[in-house]
> 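Attaching a single structure in structure tokens format; questions to follow.
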Amino acid sequence: MNLKFSSKLTLLFKNTFMIEKAEKIIKKYKLQKHIEGGYFTEFYRSHEKINQNCLPKRYKSVRVFSTSIYFLLKGNEFSTFHKLNSDEILHFYDGCPVNVYLIDKNGNLEIKKLGRNISRGENYQILVKAGNWLAIKPTKRKSFSLIGCTVAPGFEYDDLHLGKKEELLKIFPKQKKLIEKLTIY
């Protein structure tokens with residue numbers, strides 16, 4: 001067997017293995033389709049709550065202390081630009097690294113890598129500050145990325161703001177190419 005054919009065969013096997021592993025994770029953890037893209041399941045929701053009068057005005061009701069989810073993106077998927085009212089910490093678990101695209105209120109773009117190879121500039125955890133726009137994309141199309149997201153105060157759908165392409169383009173015209181590529185709505 002020649003080396004070129006052997007390398008292609010190894011790559012095909014690895015890609016197939018990664019796709020099958022993603023499907024096993026989706027099944028094992030009963031991940032459901034997420035409206036921002038990918039798959040998720042809530043892992044933790046605090047039983048203790050914070051009264052609304054103790055929270056900043058951006059919260060419309062009581063919040064739990066914290067929530068966390070498993071979140072999986074297949075290599076050809078992305079998490080559309082969105083923002084939350086709370087801080088969020090992203091954790092890397094398995095698969096290929098992801099690029100985390102952050103746009104702050106001034107339109108400044110920062111791209112961080114979430115993964116396990118620190119010598120390549122990847123991080124095990126990344127903080128996303130409340131109000132920053134966020135999109136996530138795996139670095140390899142024939143793979144998957146399993147990450148965790150911890151939110152405090154805890155996540156409620158009222159706090160999720162999905163980016164609408166036209167609105168984001170008006171606010172952040174310098175980020176046109178990226179917004180057009182990573183926005184579903």
Side-chain angles (χ1 to χ4, degrees), residues 25-26 28-73 77-94 97-116 118 122-138 145-172 174-175 178-179 182-185:
I25 292 169
I26 289 168
K28 177 176 175 48
Y29 293 108
K30 299 178 177 115
L31 303 182
Q32 304 295 315
K33 283 286 215 178
H34 199 298
I35 59 173
E36 70 188 43
Y39 301 82
F40 84 106
T41 192
E42 187 171 83
F43 176 77
Y44 171 75
R45 178 171 288 273
S46 170
H47 293 289
E48 294 184 282
K49 298 182 178 178
I50 305 168
N51 290 327
Q52 184 180 358
N53 62 349
C54 296
L55 292 165
K57 293 184 190 292
R58 66 183 179 267
Y59 298 99
K60 306 295 184 223
S61 61
V62 170
R63 292 290 177 272
V64 297
F65 287 179
S66 180
T67 56
S68 73
I69 64 169
Y70 284 122
F71 185 69
L72 184 140
L73 287 166
E77 298 176 320
F78 63 89
S79 171
T80 192
F81 270 109
H82 64 284
K83 66 179 178 175
L84 299 179
N85 289 343
S86 299
D87 287 347
E88 178 176 21
I89 298 174
L90 306 177
H91 314 263
F92 183 79
Y93 296 131
D94 201 358
V98 294
N99 287 325
V100 178
Y101 302 90
L102 302 167
I103 302 176
D104 68 17
K105 63 183 175 193
N106 298 316
N108 300 310
L109 172 67
E110 186 175 7
I111 302 170
K112 295 184 176 186
K113 284 201 179 285
L114 184 66
R116 68 171 60 97
I118 59 174
E122 297 169 7
N123 298 285
Y124 295 113
Q125 295 184 13
I126 291 175
L127 170 65
V128 180
K129 293 182 181 176
N132 283 348
W133 289 96
L134 157 75
I136 305 169
K137 183 154 181 39
S145 301
L146 177 65
I147 67 174
C149 308
T150 302
V151 178
F155 176 83
E156 293 293 339
Y157 276 99
D158 289 349
D159 300 331
L160 174 64
H161 308 278
L162 294 171
K164 293 186 174 62
K165 197 176 293 189
E166 289 179 27
E167 290 175 22
L168 291 176
L169 289 171
K170 285 180 189 173
I171 301 168
F172 308 118
K174 285 194 245 177
Q175 308 305 338
L178 190 60
I179 289 168
L182 297 177
T183 307
I184 297 171
Y185 303 100

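In what follows, every heavy atom counts, from backbone to side chain, and hydrogens, waters and symmetry copies are set aside.
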> Got a second to check how far Glu88's CD is from Asn132's CG, nearest 0.5 Å?
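With rounding to 0.5 Å, CD (Glu88) is 11.0 Å from CG (Asn132).
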
> Restricting to non-hydrogen atoms, name the atom on Glu77 and the atom on Lys137 that form the minimum distance, rounded to 0.1 Å.
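Taking every non-hydrogen atom into account, O-NZ, 4.0 Å.
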
> Looking at Pro153, is its backbone amide N or carbonyl O close enough to the side chain of Ser86 to form a donor-acceptor pair, meaning the two atoms are under 3.5 Å apart?
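Confirmed, Ser86 side chain pairs with Pro153 backbone.
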
> Once you round to the nearest 0.5 Å, how far does CG of Leu178 lie from CG of Leu182?
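Output value for this atom pair is 5.0 Å.
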
> Quick one: side chain to side chain donor-acceptor pair (under 3.5 Å) partners of Glu156, sequence neighbours excluded?
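For Glu156 the side chain to side chain donor-acceptor pair (under 3.5 Å) partners, ignoring immediate neighbours, are Arg45.
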
> How many angstroms lie between CG in Leu160 and CD1 in Ile35, if you round to the nearest 0.5 Å?
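The CG atom of Leu160 sits 5.0 Å away from the CD1 atom of Ile35.
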
> So which pairs with a foot in residues 50-63 pass salt bridge (Lys or Arg N to Asp or Glu O under 4.0 Å), sequence neighbours left out?
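Qualifying pairs: Arg63-Asp159.
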
> Determine the minimum heavy-atom distance between Lys83 and Gly131, stating which atoms define it.
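It is CD-O, 3.5 Å.
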
> As an exercise, state the distance from CD1 of Ile26 to CG of Leu146, rounded to the nearest 0.5 Å.
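Going from the CD1 atom of Ile26 to the CG atom of Leu146 covers 9.5 Å.
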
> Looking at Ile69, Leu72, Leu31, which hits side chain to side chain contact (heavy atoms under 4.5 Å, CB included) with Thr41?
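Only one option passes, and that is Leu31.
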
> Which heavy atom of Val64 sits nearest a heavy atom of Ser46, and at what distance?
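What the structure gives for the nearest pair is CG1-O, 3.3 Å.
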
> If you count the non-hydrogen atoms of other residues, nucleotides and ligands that lie under 6.0 Å from NZ in Lys165, is the total more than 12?
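Atom NZ in Lys165 is crowded, with more than 12 foreign heavy atoms closer than 6.0 Å.
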
> So Leu90 and Ile136, side chain to side chain contact (heavy atoms under 4.5 Å, CB included) or not? Walk me through it.
CA-CA 10 Å; Leu90 306 177; Ile136 305 169; 4.1 Å; yes

> Give a yes or no on whether Tyr185 atom OH has more than 12 heavy-atom contacts from other residues, nucleotides or ligands under 6.0 Å away.
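Count over threshold, so yes.
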
> Parallel, tilted or perpendicular: which one describes the rings of Tyr29 and Tyr70, with boundaries at 30° and 60°?
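Ring orientation of Tyr29 relative to Tyr70: tilted.
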
> Count the heavy atoms belonging to other residues, nucleotides or ligands that lie under 6.0 Å from CD of Glu166, then report whether that count exceeds 12.
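It does not: Glu166 CD has 12 such atoms or fewer within range.
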
> Locate the shortest heavy-atom distance separating Phe71 from Cys149; write the atom from each residue and the value.
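Result for this residue pair: CB-SG, 4.2 Å.
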
> For Leu162 and Glu36, work out which heavy atoms get closest and say how close.
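Looking at all heavy atoms of both residues, the closest pair is CD2-CB, 4.0 Å.
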
> Which pair of heavy atoms, one from Val62 and one from Ile50, lies closest together, and at what distance?
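Smallest heavy-atom distance, with atoms named: CG1-O, 3.3 Å.
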
> Roughly how far apart are His161 NE2 and Glu167 CD, rounded to 0.5 Å?
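His161 NE2 to Glu167 CD: 11.5 Å, rounded to 0.5 Å.
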
> Do Tyr124 and Arg116 come close enough that some side-chain heavy atom pair is under 4.5 Å?
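A side-chain contact exists here, since the closest heavy-atom pair is under 4.5 Å.
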
> Could you go through Tyr39 and Lys33, starting from their C-alpha distance and side-chain angles, then the distance that decides it, and tell me whether this counts as side chain to side chain contact (heavy atoms under 4.5 Å, CB included)?
CA-CA 4 Å; Tyr39 301 82; Lys33 283 286 215 178; 3.5 Å; yes

> Look only at the side chain of Thr67 and the backbone of Phe155, and say whether a donor-acceptor pair between them is shorter than 3.5 Å.
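Judged by distance alone, yes, a pair lies under 3.5 Å.
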
> Side-chain donor-acceptor contacts of residues 106-115 below 3.5 Å, not counting sequence neighbours, with atom names and distances?
unit_1 : atom_1 : unit_2 : atom_2 : d
Asn108 : ND2    : Asp104 : OD1    : 3.4
Asn108 : ND2    : Asp104 : OD2    : 3.2
Lys113 : NZ     : Asn99  : OD1    : 2.8

> Phe172 vs Trp133 aromatic rings, parallel, tilted or perpendicular, using cut-offs 30° and 60°?
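Aromatic pair Phe172/Trp133 classed perpendicular.
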
> To the nearest 0.5 Å, how far apart are CD in Glu122 and CZ in Phe92?
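Answer rounded to 0.5 Å: 7.0 Å.
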
> Can you tell me if Ser66 uses its side chain to pair, donor with acceptor, with the backbone of Val151 under 3.5 Å?
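Yes, Ser66 side chain to Val151 backbone: donor-acceptor pair under 3.5 Å.
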
> Look only at the side chain of Tyr59 and the backbone of Asn85, and say whether a donor-acceptor pair between them is shorter than 3.5 Å.
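Here the side-chain-to-backbone pair exists.
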
> Quick check: does any side chain N or O of Thr80 sit under 3.5 Å from a backbone N or O of Ile184, one acting as donor and the other as acceptor?
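Answer holds: yes.
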
